[in-house]
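Worksheet: one structure, shown below.
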Amino acid sequence: MQQGAFVKNAPCIKKGVYMKNRKKMIHNVKRFLPLYIMTLPALLYLLINNYMPMPGLVLAFKRFNAQKGIYQSPWAGFSNFSFLIQSREFPIILRNTILYNVSFIILDLIFGVFLAILITEIRKLKARKLAQSLVLFPFVVSIIIVSYMVRSFIDHESGLLNHLLLNLGSGSIQFYSKSQYWPFILIFVHLWKSIGYGCIIYISTILGIDRSLLESAALDGASWFQRLRYITLPFLKPTMITLSLLSVGRICNSDFGLFYQVPQNSGLVMDVTNTIDTFVYRALLTQNNVAMSAAAGFFQSVVGFTFILIFNGITRKISSENSLF
Amino acid sequence: MKKKVMSMLLVLTMAAGLFAGCGSDPANTPDAGNGESGGSTQSADAGTPAPAPAESTDDGDVYTVDMYLLTPAEVPQGLDRVLEEVNKITMAELNMKLNVVFLSFATGAQQIPLMLSSGEKFDIRFGGSGDAPNYVNSGYLTDLSDLLPAVQDTLNASYGTGEVEYASVNGYIYGVPMHKDQVFQPTVFFATDILEKHDLMDEALAITSIEELDQFFEKVSALEPDMWMTAPEIGVNGGRMKTILYDGLGDMWGVLMDLENGTTIENLFETEEFYEYCRYMHKWYQNGWVSQSAATDTESYYTYIKTGQAFSFFSDFSHPLSESDQEANCGGKDLTMITIGPKYQTTETAFQFTYSIPSSSEDPEKVMQMINFMANSPEINNLLNWGIEGEDYIVTEDGHAAFPEGKDADSVAYHLDGGWTLPNQYLCYPWEGKDIDIYDQMKAYNTENVIQSVGLGCQWDSANVTNELAAVTNVRDKYYKEITTGTVDPDEYIPLFNEKLYAAGLDKIIAEKQRQLDEFLAGK
């Protein structure tokens, strides 16, 4: 503001600055042109994949007819949303979706950072690389395979866990029909599977910290915990906030594979495994209604966007340099 | 400077390379599907038809009919040569070309809806009737009412079963039924080796009801204690209850229980028949006669029969080719078929699969001519099923088709053996080993001693109750599989199930279905 006022009162300087800036800009553009060209495919991809379909959102408010096309189809108001929002199940699936996501966000953060710190403490390079890869590995395993791995542990007849329980003298547990166990199973499977992804990013941030800072702190007598508390964690903060904000944006979405495949679509545990995505899938599998599924996606995006705005606002209040925008 | 120019060039070429990679020839899209379904990349390459649409642009007058067939069999190699022969015939007779693309059922289930919703041009869709009302409402399929009169006489004659019903929703005719079995019958298949081992063949063949089956299981389970007496059908949503006769006019929400004279739609899950079925399943479950994981299992019963874990399974199909079909599904295991109920025909059984014309077709009238022509052309059906005569198959003296001397399914250039998906399998030569009059038997099977539902031809349209349908579907997923596999006590869970269904709006669905049935019956 002050700067602006200053520039306004001195037009000649403004012009000079402008010219200088312009020259600098042209110079910069020239210098980075190859880089700009390299980003072009990614930008085009973003445009084609994420922005061009956006007018299609209007589908959520249409009674779709292929012969008329999306834009000529008659309007349907909010009727496409009612199957989801007015459903009796809606409070349950919304609760499940949000609560699972909140616990995922918190636990991913805590365990991700914890694991990253442990891994970076490994001195031997080869051992550290191995640990990194091992942590990331579950992330690339298909959820279908994961669902059978889970099954091999908790299956009623042939599961490892049930064999163990039987040998210990207590009776076996029918996990697939007892809903009280599923919040824990799902959270555990999620952590096991997805923790590596955030962990890798935290590790790279920690490794990016200037070693001399830590060394001089150690020389000055700072303990390991003090170094962690005053150097490593502050450096991690921006990454932690960015990753969490990104997951907050998907708070209304759920990992379909985790909630549908891992419980093997078992009906008796559906009260704690049904989320918005699985509900929509079940509801529309036989109906094939594109407008209704578009409405569900629209709803999830709007809620996610609102949450991002809220949390970004909070972040901006607390530490403005770490907010997304 | 030179270095800079070089790096610039490098970046540019790399970027260009990226785009070249992104671009894909739309004509190749179906090929990708072919590759998946073929099971071997080799067959995909060879099985890919030369993109006939491209050819058709050369000659404006010649219309190319693009037909997408789903095939239970492996996608055959060498389709190009066969289509060349087919096109010689169609060009001479109709001045049209035919392009056939084979997809596996799994690939087709994903690709066909995408093609329909994207408006990609194709002319013949082969598919089940379950999706049809939604497809009709979404405007994906052409109304055939105006196209049929021109060809109806010859088309009807090709079925050889007298009067022919066409698949329709609210008077909107969307499908031409396949030339295949059009009736269901409650059927049980036993593993023959077990029957023979304990000398139970005669006893098995004498079974006529589920009560007798239950007693029979009692006996067999004592002899084979580790075996499951039956393997329930496990679909994504749980299987059909195949021993109960009902007509749901397209689904199971509200059904006609009295097929011949009934006019009232009632809730299937409150009927005595449903309770009885579930009580048997629960008893079998408790006795360990079915898998204890049945409710969460996703393996098909064919696997359990093949591996010898299960002794029997239920089926809807008792037609003349059924036993050999099912044996093929079970990896060649010898099976013994019995029936435990009458043959019946409903909209679902009659229009299990149909040919439809998507609205993206550029000339539905010509496509209809093609469908009619193919339904009456032995040459085309033999070509598509067995390949080129003399090269891929020979005709024996008694009129069977057979492999040429010294050849088999792998060494001939083309062999589909997917008769019922073709325009008219009745016109094919029966394959060696099948009865010479097998297709006449099939026609007779479709018409003799069949209980015909009063609702035959009426397929209900759920457009007015989509929200309720979404809700009951979620309730079904919660209880249906557990109840019908016997995992839970039916007397406790069925009332709970029904309570939740009514809370989700089942009575509204039943009322809507009743209204549509009444209208249908009034117009009959």
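Chain letters run A, B, ... following the sequence lines, proteins first, then strands; residues in each count from 1. We use all heavy atoms of the structure for the numbers below, so side chains are in, but hydrogens, waters and symmetry mates are not. This is a predicted model, so every value here is computed, not measured.
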The test is side-chain contact (heavy atoms from CB on, under 4.5 Å); show your working for F279(A) and T473(B) and say whether it passes.
CA-CA 9 Å; F279(A) 176 86; T473(B) 313; over 6 Å; no
Around Q309(B), counting heavy atoms of other residues, nucleotides and ligands shown, do more than 12 lie under 6.0 Å from its CD?
yes
Output for pair (T466(B) OG1, N80(A) CG), nearest 0.5 Å, gives 8.0 Å
Looking only at heavy atoms, the pair that brings S266(A) and T296(B) closest together is CB-CG2, 3.5 Å
Given that the side chain runs from C-beta out, which part of D155(A) has a heavy atom under 4.5 Å from chain B: side chain, backbone, both or neither?
side chain
Report the option among Y493(B), Y140(B), Y135(B) that has the most heavy-atom pairs separated by less than 4.5 Å from atoms of chain A.
Y140(B)
Value rounded to 0.5 Å, distance of CG in D477(B) from OH in Y260(A):
6.0 Å
Option in A471(B), A504(B), A503(B), S291(B) with maximal non-hydrogen atom pairs under 4.5 Å from chain A:
A503(B)
Can you tell me how far CD of Q292(B) sits from OG of S158(A), rounded to the nearest 0.5 angstrom?
11.5 Å
Segment of V472(B) engaging chain A (4.5 angstrom heavy-atom cut-off):
neither
Let me confirm one number: the NZ-CD distance from K478(B) to E89(A), rounded to the nearest 0.5 Å.
4.5 Å
Find the one option among Q174(A), R151(A), M292(A) whose heavy-atom pairs under 4.5 Å with chain B are most numerous.
R151(A)
CA sep, side-chain torsions, deciding dist, call: N474(B), M270(A), side-chain contact (heavy atoms from CB on, under 4.5 Å)
CA-CA 10 Å; N474(B) 264 280; M270(A) 248 170 74; 4.2 Å; yes
Is it true that atom CD of Q180(A) has more than 12 heavy atoms of other residues, nucleotides or ligands lying nearer than 6.0 Å?
yes
Part of E482(B) lying under 4.5 Å from any heavy atom of chain A
side chain
Should the heavy atoms of other residues, nucleotides or ligands under 6.0 Å from CZ of R95(A) be counted, would the total exceed 12?
yes
Atom of N65(A), atom of G139(B) and distance for their closest heavy-atom approach:
OD1-CA, 3.4 Å
Please state whether the side chain, the backbone, both or neither of I483(B) comes within less than 4.5 Å of a heavy atom of chain A.
neither
Considering only heavy atoms, which portion of Y148(A) lies under 4.5 Å from any heavy atom of chain B: side chain, backbone, both, or neither?
side chain
With a 4.5 angstrom heavy-atom cut-off, which part of S87(A) approaches chain B: side chain, backbone, both or neither?
neither
Can you tell which part of D251(B) gets under 4.5 Å to a heavy atom of chain A, answering side chain, backbone, both or neither?
neither
For the atom pair CG (L59(A)) and OG (S117(B)), what is the distance rounded to the nearest 0.5 Å?
10.0 Å
Does atom CE of M54(A) have more than 12 heavy-atom neighbours, drawn from other residues, nucleotides or ligands, at distances under 6.0 Å?
yes
What distance separates N289(A) CG from N137(B) CG, expressed to the nearest 0.5 Å?
9.0 Å
Just wondering, are more than 12 heavy atoms of other shown residues or ligands nearer than 6.0 Å to CZ in F32(A)?
yes
